[in-house]
Amino acid sequence: MTAAETIRKLKSVGASDELAGGIVEVMEEREENRLVTREFLRAELAMTREALRTEVQGLRAEFHESMVTQTRWIVGSAAALLAAFAGLILGGVYFLLAHYRP
C-alpha cells in the first residue's frame, strides 16, 4: 500500500490531514529501519559462517577424542580377553601335563 493510499484510508475514517501524514511518516521511518542492505546481510552471514566453522571444529576435535578413547578401550579389552584365553589354555595344558599318567 502506498503512502497516498494510506493517507486516503486514514482520512476516510476521520483522521485529519496532519494526523494521517504523521502516521504515514512514522510508518515509513519504521519500514526504513527494517530494511536490510546487502552489505549487512553479507556481514551477518560471514559472522554466522565463522561461528558455525568454530563449532564444527570443536565437534571434530571432540569426536576425534572420543574415537581415540573408544579405540583404546577396544584394544585394551581385546588384549585382556586374549590374555585370559591364553591363561585358560596354558592352565589347561599344565593341568593335563601334570595329571597325565601313561
Side-chain angles (χ1 to χ4, degrees):
M1 179 179 295
T2 66
E5 291 171 338
T6 305
I7 289 173
R8 193 171 34 252
K9 275 194 168 187
L10 288 170
K11 287 169 125 183
S12 72
V13 293
S16 67
D17 287 339
E18 187 178 315
L19 178 61
I23 291 173
V24 168
E25 187 177 320
V26 169
M27 288 174 53
E28 286 175 347
E29 285 176 9
R30 289 191 67 200
E31 275 302 310
E32 287 176 12
N33 289 337
R34 289 186 196 176
L35 294 178
V36 177
T37 63
R38 287 183 180 169
E39 292 79 23
F40 176 78
L41 281 177
R42 285 186 181 119
E44 286 292 314
L45 283 173
M47 288 189 319
T48 303
R49 281 188 195 117
E50 188 58 36
L52 185 59
R53 186 176 294 122
T54 302
E55 188 68 26
V56 168
Q57 286 174 347
L59 288 173
R60 282 182 180 163
E62 187 177 321
F63 179 73
H64 177 72
E65 184 179 322
S66 296
M67 291 301 295
V68 168
T69 301
Q70 181 181 1
T71 302
R72 286 182 182 150
W73 270 94
I74 290 171
V75 170
S77 298
L81 192 58
L82 181 63
F85 281 135
L88 285 173
I89 292 170
L90 290 175
V93 169
Y94 175 75
F95 179 79
L96 288 175
L97 290 176
H99 293 90
Y100 179 72
R101 298 183 194 212

Roughly how far, to the nearest 0.5 Å, is the [atom2] atom of [Y] from the [atom1] atom of [X]?
{"X": "F85", "Y": "L90", "atom1": "CZ", "atom2": "CG", "answer": "13.5 Å"}
{"X": "M67", "Y": "I74", "atom1": "CE", "atom2": "CD1", "answer": "7.5 Å"}
{"X": "R53", "Y": "R49", "atom1": "CZ", "atom2": "CZ", "answer": "8.0 Å"}
{"X": "L59", "Y": "S66", "atom1": "CG", "atom2": "OG", "answer": "10.5 Å"}
{"X": "M27", "Y": "L10", "atom1": "CE", "atom2": "CG", "answer": "7.5 Å"}
{"X": "R8", "Y": "T2", "atom1": "CZ", "atom2": "OG1", "answer": "6.5 Å"}

Single-linkage hydrophobic cluster L81~L88, side-chain heavy atoms < 4.5 angstrom: yes

N/O donor-acceptor pair under 3.5 Å between E50 side chain and M47 backbone: no

H64 side chain vs R60 backbone, donor-acceptor pair below 3.5 Å: no

Shortest non-hydrogen contact between L19 and A15, atoms and distance: CD2-CB, 4.0 Å

Positive for side chain to side chain contact (heavy atoms under 4.5 Å, CB included) with V68, one of E65, R72, Q70: R72

Side-chain cluster (under 4.5 Å, hydrophobic types only) that V13 belongs to, other residues: none

